[in-house]
Amino acid sequence: MSRIRVATWNVNSVRKRLKLLAQFASEASPDVICLQEIKCRDAEFPINDIKAMGFEHVMLNGQKGYHGVAVLSKWPLSGRQAIDFIGSGESRHLAVQVKTDNASAAPLLLHNFYVPAGGDEADPEVNKKFRDKLAYFEALTLWGKKQRRKKAARVMVVGDLNVAPLEQDVWSHKKMVKVVSHTPVEVELFERAKAAGGWEDVMRRFVPPEEKLYTWWSYRARDWQKANRGRRLDHVWVNAALAPNVTAVSVLRDMRGWEVPSDHVPVLIDLED
DNA sequence: ATGGTGGCACCGCCA
């Protein structure tokens with residue numbers, strides 16, 4: 001039995017964030033980091049810098065300039081899988097199995113997602129990006145139904161899902177209800193996908209839904225902290241087999257104020273393995 | 001009511 005700490009973070013260019021990543025790794029000591037928006041091809045990934053931070057095991061699903069996801073780990077990784085859920089050709093998913101030192105524990109599977117942001121116009125008729133986003137959640141619903149049958153494995157879904165589902169996941173429900181990320185149609189599909197997989201929204205086990213909780217603050221504010229117009233776009237879902245192992249979840253809000261920040265901050269998940 | 005910033009592309013696209 002040992003403790004394992006998993007992190008999920010939309011890094012908004014891994015190459016621009018190397019110093020911040022090193023500082024984060026040193027201060028929070030995650031064993032596994034799921035990154036989104038690495039914004040580079042696999043061949044451009046700064047693998048040596050990452051290894052120097054203590055992450056010997058790296059799996060990538062990169063893409064030139066946009067999107068791209070990666071998993072960095074101190075434990076060996078296997079079972080790499082990268083699904084193109086809507087056939088867009090974009091790198092938005094990467095699944096791995098983490099081989100910890102507890103040989104008798106059920107397999108630990110991580111699914112790292114970067115869901116399409118959806119553009120500005122919340123109308124699938126005129127906005128293809130929004131249409132793609134809705135299609136992505138439809139695909140996650142079908143996929144979730146199959147995942148639900150895998151009762152033997154401990155499964156975690158993490159990443160930037162680009163939806164703030166609850167009223168307290170946005171700074172103003174009233175002002176945000178027509179803004180992409182918090183519209184009823186997105187929230188409905190998000191909740192349907194979550195229910196289909198039988199996933200628990202484990203962030204909200206530790207911070208009740210009545211309390212504000214954000215993981216993202218726009219770059220476009222004069223003072224992000226003062227305005228505090230955040231959204232909870234990053235999520236951690238666990239299946240029933242993994243749920244009892246989760247001992248803590250926390251959002252590293254302070255990192256939004258570090259030098260050269262991402263607009264997202266990491267979420268940490270502590271597990272008893 | 002509008003535009004505000006940031007990253008990568010390569011001088012527009014995406015968030």
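So that the names make sense, note that chain A is the first sequence line, chain B the second, and so on, each numbered from 1.
- Spacing between B/dC10 and B/dC14 at atom C1', rounded to whole Å, works out to 14 Å.
- Of the candidates A/Asn102, A/Asn245, A/Thr100, A/Thr100 is the only one forming a side-chain hydrogen bond (donor to acceptor under 3.5 Å, both in side chains) with A/Asp273.
- Closest to the side chain of A/Asn12, from the set B/dA9, B/dA15, B/dG7, is B/dG7.
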Query raised in the report: How does DNA chain B look in dot-bracket form if you count Watson-Crick and G-U pairs under 3.5 Å, write [ ] for pairs that cross, and put | where a base pairs with another strand?
Result: ....((((...))))
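- Between the CZ atom of A/Phe130 and the C1' atom of B/dC14 there is a distance of 17 Å, given to the nearest Å.
- In this pair, A/Phe85 and A/Phe113 present their aromatic rings tilted. The plane angle is within the 30 to 60° band.
- Contacts of residues 215-234 of chain A with DNA chain B (heavy atom under 4.0 Å): A/Tyr219, A/Arg220.
- Counting non-hydrogen atoms under 4.0 angstrom, A/Arg17 reaches the backbone sugars and phosphates but no base.
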Requested in this report: For side-chain contact (heavy atoms from CB on, under 4.5 Å), just list the numbers for A/Glu211 and A/Gln168, CA-CA rounded to whole Å, side-chain angles, deciding distance to a tenth of an Å, and then say yes or no.
Outcome: CA-CA 6 Å; A/Glu211 287 178 31; A/Gln168 304 309 325; over 6 Å; no
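- Atom C1' of B/dC11 sits at a distance of 15 Å from the matching atom of B/dG7, rounded to the whole Å.
- When side chains are defined from C-beta on, A/Val158 does not count as touching A/His235, because their heavy atoms never get closer than 4.5 Å.
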Report task. Please assess A/Asp263 against A/Arg231 for the test salt bridge (Lys or Arg N to Asp or Glu O under 4.0 Å), listing each intermediate value before the final yes or no. Result -> CA-CA 11 Å; A/Asp263 45 357; A/Arg231 305 178 198 172; over 6 Å; no
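- Of the side-chain N and O atoms in A/Arg92, one or more sit less than 4.0 angstrom from OP1 or OP2 of B/dA15.
- For A/Lys64, no side-chain nitrogen or oxygen approaches OP1 or OP2 of B/dC8 to under 4.0 Å.
- Rounded to whole Å, the distance from CG on A/Asp120 to C1' on B/dC13 is 12 Å.
- With both ends at atom C1', the span from B/dA15 to B/dA9 equals 14 Å, rounded to whole Å.
- Distances shown here put a side-chain N or O of A/Lys16 below 4.0 Å from the OP1 or OP2 atom of B/dC8.
- As rounded to whole Å, 13 Å separates atom P of B/dA15 from atom OH of A/Tyr136.
- No side-chain heavy atom of A/Leu271 sits under 4.5 Å from any side-chain heavy atom of A/Arg3.
- Here the rule is side-chain hydrogen bond (donor to acceptor under 3.5 Å, both in side chains) with A/Arg5, and of A/Asp270, A/Asp31, A/Thr247 only A/Asp270 fits it.
- Look at CD on A/Glu44: it is 10 Å from P on B/dC8, rounded to the nearest Å.
- Counting to the nearest Å, the P atom of B/dC8 and the NZ atom of A/Lys39 are 6 Å from each other.
- A cation-pi arrangement is present between A/Arg229 and A/Trp171, with the terminal nitrogen or guanidinium carbon under 6.0 Å from the aromatic centre and inside a 45° cone about the axis.
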